[in-house]
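Because only heavy atoms are used, hydrogens play no part in the values below, and waters and symmetry mates are left out as well, while side chains stay in. Below, read A as the first sequence line, B as the second, and so on, with proteins coming before strands; counting in each chain starts at 1.
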Protein chains: 2
Amino acid sequence: MPKPSATKKPAAKRPQKPPRRGVADAAQVASGKAARSRRTQARILDAAEELFSHHGIYGVSIRDIADAAGVDTALLHYHFANKDGIYEAVLLRRAGEINTARTRSLDDYALACAGKPSIEGVVRAYLQPVFERLRNGGRGFNNFAALIALANNTELWGGGTVKEYFDPSVQRLIELLRLAMPKAREADLYWGYQFLSGALTLSYSRNDRIKWLSHGQCRANDYAAIEPRLVEWCTAAFRALGARR
Amino acid sequence: MPKPSATKKPAAKRPQKPPRRGVADAAQVASGKAARSRRTQARILDAAEELFSHHGIYGVSIRDIADAAGVDTALLHYHFANKDGIYEAVLLRRAGEINTARTRSLDDYALACAGKPSIEGVVRAYLQPVFERLRNGGRGFNNFAALIALANNTELWGGGTVKEYFDPSVQRLIELLRLAMPKAREADLYWGYQFLSGALTLSYSRNDRIKWLSHGQCRANDYAAIEPRLVEWCTAAFRALGARR
DNA sequence: CCCCAAATTCATGATTCGATCAATAACCAC
DNA sequence: GTGGTTATTGATCGAATCATGAATTTGGGG
């Protein structure tokens, strides 16, 4: 019983709460009650992010999160109403940021190429923001990415709230690819994205099978090795797919 | 708490049990106690396979499986000792079959091409058995595939028992690719497999986001559309990756 | 300094979960 | 049939789960 705990939402008793400013800025050392509260929420979300990314939403109990964050379980309910609320908050905290970055990167490239995009340029512009954050975003972003990878193979994905955050950047990607491959069929662009997405997703997942398969030659999260190869891979593949008669 | 319930395995009190012949053959209508028992186990595994593929191992309770299979929960413990036992049995039931089929398909191709494999031929031979089963294997195999997709983004994947079933066919794939691309670097072959694997995995997962992205033009599990495109995609991509200086 | 509201903890309830044990039903050998 | 073994059920335990409401602390405004 997957427990659709969202059905009877306990009404999130959290009172009014100031305009709900970004919860994300954890490192802040400001004082004051609100700042302290925001820091606590960030600690909770950090813990939840890590645990969820390892064991999935059903593999983690509210107690686990509370213990990892060093607070009482009731506090989680106070801030996020219920478990689903925590899960959603974890996703929303970063989903917007990464996707606006993607869209911006694509827009920048569209300008720079003066209306004549290349497949390689588009693919690179789409991938760059993620890999930059995977390399420099700290453990937090890597946990988030692994969680996305986990959630990505679920039916719930795509219909949820996250959809509206991720979709625009993908549509922008498709748009530019259409310009780069005018002869390609519409459907092939989407299938290409699907294949790209699968490869990318597996790249930042927690699956390190390649390490064993390659007898240690490749390490799963060696993003410096992955990014250029994935760009080459998808570029050539899109070109072939676009040449279908 | 991810509950490593495998730690104290309740010793599977199931007594001696005949030589443990293939549990897989469910449709059998043979009579007799043993046959009946095997059919029951198959029903249990079918139910577990479906539920696990939807909600993951932690999202399903033993009671859920028992209800879906129409038996008492105690019976699950009798046959499979504990929850992990059920999960493992679900995986093992099909893992061997699909991977020997893959290896056989690759071996057949290696013979047919007389020592001069092409990238496309190798990729096609590797993918063919899966897609054939996805199209004709009934709901059972599709559930299994979706479960694999789910498990594939977990750290536990690769170290488990399943590793030994999946690895040989992959190594055979790499071998043949090495012949097809003599100049390619070793590491690039493994990275290429990683990208292929990600795309393939997403293809049979329960993620139907492409349907929405493409406004209905593409349907996630339209394997007749996916297989040829994925072959083209990977072929071109491997060729490019193998041409790295 | 004091009070109010927000943030946090403490104690607890109801439910579900995995697992076990004894009891029954089905089957087979004799 | 009868006896013995295997397969299956019924009842139940203890632990863990999500959630709630009452207490307690914390911080800032008057």
Counting just side-chain N and O atoms, does H79(B) come under 4.0 Å of either OP1 or OP2 of dT8(D)?
-> yes
Taking atom C1' of dA19(D) as reference, at what distance in whole Å does atom NE2 of H77(A) sit?
-> 5 Å
Starting at OH of Y58(A) and ending at P of dG18(C), how long is that distance when rounded to a whole Å?
-> 14 Å
Compare side-chain N and O positions of S37(A) against OP1 and OP2 of dA7(C) and report whether any pair is under 4.0 Å apart.
-> yes
Do R39(A) and D46(A) sit within salt-bridge range, that is, some charged N less than 4.0 Å from a carboxylate O?
-> no
Would you please confirm or rule out a distance under 4.0 Å between OP1 or OP2 of dT8(C) and any side-chain N or O of T40(A)?
-> yes
Distance in angstrom units between I57(A) CD1 and dT17(D) P, rounded = 14 Å
Please determine, by modelled atom types, if R206(A) and N142(A) share a side-chain donor-acceptor pair under 3.5 angstrom.
-> no
Mind checking L75(B) for me? I need base, sugar-phosphate or nothing, with any heavy atom below 4.0 Å counting as a touch.
-> base
Below 3.5 Å, does any donor atom in the side chain of R36(A) face an acceptor in the base of dG27(D), or the other way round?
-> no
Any S61(B) side-chain N or O less than 4.0 Å from OP1/OP2 of dT16(C) | no
Let me know the distance between CG of N82(B) and C1' of dG18(C), rounded to the nearest Å.
-> 9 Å
From CG of L76(A) across to P of dT17(D) the rounded distance in Å is 13 Å
When R94(B), Q128(B), E97(B) are each screened for side chain to side chain contact (heavy atoms under 4.5 Å, CB included) with R133(B), the one that passes is E97(B)
Taking OP1 and OP2 of dA7(C), is either one under 4.0 Å from a side-chain nitrogen or oxygen of Y78(A)?
-> yes
Can you check the I62(A) CD1 to dT15(C) C1' distance for me, whole Å?
-> 14 Å
Atom-pair distance (CZ on R63(B); C1' on dA19(C)), nearest Å = 10 Å
So I62(A) and F80(A), side-chain contact (heavy atoms from CB on, under 4.5 Å) or not? Walk me through it.
-> CA-CA 11 Å; I62(A) 283 196; F80(A) 305 104; over 6 Å; no
Between A95(A) and F166(A), what is the shortest heavy-atom contact and its length?
-> CB-CE1, 3.8 Å
Using atom CZ of R38(A) as one end and atom P of dT26(D) as the other, report the distance to the nearest whole Å.
-> 20 Å
Among dG21(D), dC21(C), dA19(D), the nucleotide that comes nearest once only the side chain of A74(B) is considered | dC21(C)
Residue whose nearest DNA chain C nucleotide is more 5′ - K33(B) or D72(B) | D72(B)
